[in-house]
Q: 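Pasting a structure below so you can have a look.
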Amino acid sequence: MEVSDWINMSLSILSFILAAISVITVVLTLRQNNKMIEESSRPYISIYGDETNFSSPQFYIVLKNFGKTGAIIKDFSCDIDLKQYSYQPDWEPFQDIIGTMLAPNQNFICAIDSEQLNSDNVETFNFKISYMANNKTYKESYVINYKALRKEITAKVATKDKELKAISYTLQEMVQKDL
């Protein structure tokens, strides 16, 4: 073999190696992009506590999809028996949620008896939820720190007339929620 043959063979091998590296880089980039697209468009279902105070404080547990895709609830559990804090006898909040499709930005809200929670000295709720979208199952765990939330309830300024009191509290609540 002549020198030119060695040079051509070396250049061919180097070209092949560079082409292989380029293909591997493209495949890795496509996988990373696919993962980023999935993460940005998947459902993100969250459970959190919130309160309102229109004329008297009210505590809520909210189940909401913050993601860009709908999801089907596969499993839902709480470490506390929510039935004992329900305003409706013999009904447990979220008892029929399994199998429900939760669309993007859709939420389910359940009012919870905060007076009973306070008398039972409930401090936290621990939730576990699993949901499915695009043939993938996601599992999440959430802790609602009720002890911290109940301390955030603020007093409202009362108006002279009782019929205006509810309007006043509602407007104050709307302003507070936008802060």
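Bear in mind that the values here come from a model prediction, so they are computed numbers and not experimental data.
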Q: Atom NZ of Lys139 and atom CE of Met132: how far apart are they, to the nearest 0.5 Å?
A: 12.5 Å
Q: Atom OG of Ser46 and atom CZ of Phe127: how far apart are they, to the nearest 0.5 Å?
A: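 Ser46 atom OG to Phe127 atom CZ measures 10.5 Å (nearest 0.5 Å).
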Q: Asn118: what forms a side-chain contact (heavy atoms from CB on, under 4.5 Å) with it, not counting sequence neighbours?
A: Tyr146, Arg150
Q: What are the two closest heavy atoms between Gly70 and Met101, and how far apart are they?
A: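 Closest pair (atom of Gly70, atom of Met101, distance): CA-CE, 3.6 Å.
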Q: Which other residues end up in the same hydrophobic cluster as Ile37, if Ile, Leu, Val, Met, Phe, Trp and Tyr are linked when side-chain heavy atoms come under 4.5 Å apart?
A: none
Q: Find out if a path of hydrophobic residues (ILVMFWY) with successive side-chain heavy-atom gaps under 4.5 Å connects Ile72 to Tyr44.
A: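 As far as the 4.5 Å side-chain criterion goes, Tyr44 and Ile72 are not connected within one cluster.
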Q: Tell me, do Tyr60 and Ile112 make a side-chain contact under 4.5 Å, heavy atoms counted?
A: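 They are not in contact (no side-chain heavy atoms under 4.5 Å apart), so the answer is no.
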Q: Which residues end up grouped with Leu11 if you chain together Ile, Leu, Val, Met, Phe, Trp and Tyr wherever their side-chain heavy atoms are less than 4.5 Å apart?
A: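 Listed partners: Val3, Ile7.
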Q: Measure the spacing between OH of Tyr48 and CG of Leu149 and express it to the nearest 0.5 Å.
A: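 CG of Leu149 is found 11.5 Å from OH of Tyr48.
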Q: Under the 4.5 Å side-chain heavy-atom rule for ILVMFWY, direct or indirect, which residues accompany Tyr87?
A: none
Q: For Leu117, does its backbone N or O pair with a side-chain atom of Asp113 as donor and acceptor, under 3.5 Å?
A: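 No.
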Q: According to side-chain contact (heavy atoms from CB on, under 4.5 Å), who are the partners of Leu28, at least two apart in sequence or on a separate chain?
A: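 Expected list: Ile24.
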Q: Checking the side chain of Asn107 only, and the main-chain atoms of Leu63 only, is there a donor and an acceptor separated by less than 3.5 Å?
A: no
Q: If you look at every heavy atom in Gln58 and Ala111, which pair is closest and at what distance?
A: NE2-CB, 3.6 Å
Q: First locate atom OG of Ser40, then atom CE of Met36, and finally report the distance between them rounded to the nearest 0.5 Å.
A: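 Rounded to the nearest 0.5 Å, the OG-CE separation comes to 7.5 Å.
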Q: Apply side-chain contact (heavy atoms from CB on, under 4.5 Å) to Asp5 and list each qualifying residue two or more places apart in sequence or on a separate chain.
A: Met1, Glu2
Q: Can you list the steps and then say if Ile47 with Ile144 is a side chain to side chain contact (heavy atoms under 4.5 Å, CB included)?
A: CA-CA 8 Å; Ile47 302 165; Ile144 296 176; 3.9 Å; yes
Q: Which residues pass the ring pair (Phe, Tyr, Trp, His ring centres under 6.0 Å) test with Tyr138, not counting sequence neighbours?
A: Tyr131
Q: How far apart are the closest heavy atoms of Thr124 and Asn145, and which atoms are they?
A: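 That would be CG2-CA, 4.2 Å.
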Q: Would a hydrophobic clustering, with Ile, Leu, Val, Met, Phe, Trp and Tyr connected at side-chain separations under 4.5 Å, put Phe108 with Ile61?
A: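 Result: yes, single cluster for both.
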Q: Report the C-alpha distance between Lys74 and Ser130 in whole Å, list the side-chain angles of each, state the deciding distance to 0.1 Å, and finish with yes or no for side chain to side chain contact (heavy atoms under 4.5 Å, CB included).
A: CA-CA 5 Å; Lys74 291 296 184 186; Ser130 67; 3.6 Å; yes
Q: Are any non-hydrogen side-chain atoms of Ile45 and Phe66 less than 4.5 angstrom apart?
A: no
Q: Give me each pair satisfying salt bridge (charged side-chain N to carboxylate O under 4.0 Å, His left out) with a member in residues 35-46, each pair once, sequence neighbours excluded.
A: Glu38-Lys136, Arg42-Glu140
Q: If you define the side chain from C-beta out and look only at heavy atoms, does anything of Ser141 sit under 4.5 Å from Lys128?
A: yes
Q: Quick one: name the residues clustered hydrophobically with Val26, using the 4.5 Å side-chain heavy-atom rule over I, L, V, M, F, W, Y, and just say none if it's on its own.
A: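 Same cluster as Val26: Leu30.
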Q: With side chain to side chain donor-acceptor pair (under 3.5 Å) as the rule and sequence neighbours excluded, what pairs involving residues 75-86 come up?
A: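 Output for this query lists Asp79-Asn126, Tyr85-Asp120.
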Q: Who are the side-chain contact (heavy atoms from CB on, under 4.5 Å) partners of Ile17, not counting sequence neighbours?
A: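 Here the qualifying residues are Ile13, Ile21.
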Q: What side-chain donor-acceptor pairs closer than 3.5 Å can you find for residues 91-98, not counting sequence neighbours?
A:
residue : atom : partner : partner atom : Å
Gln95   : OE1  : Glu92   : N            : 3.2

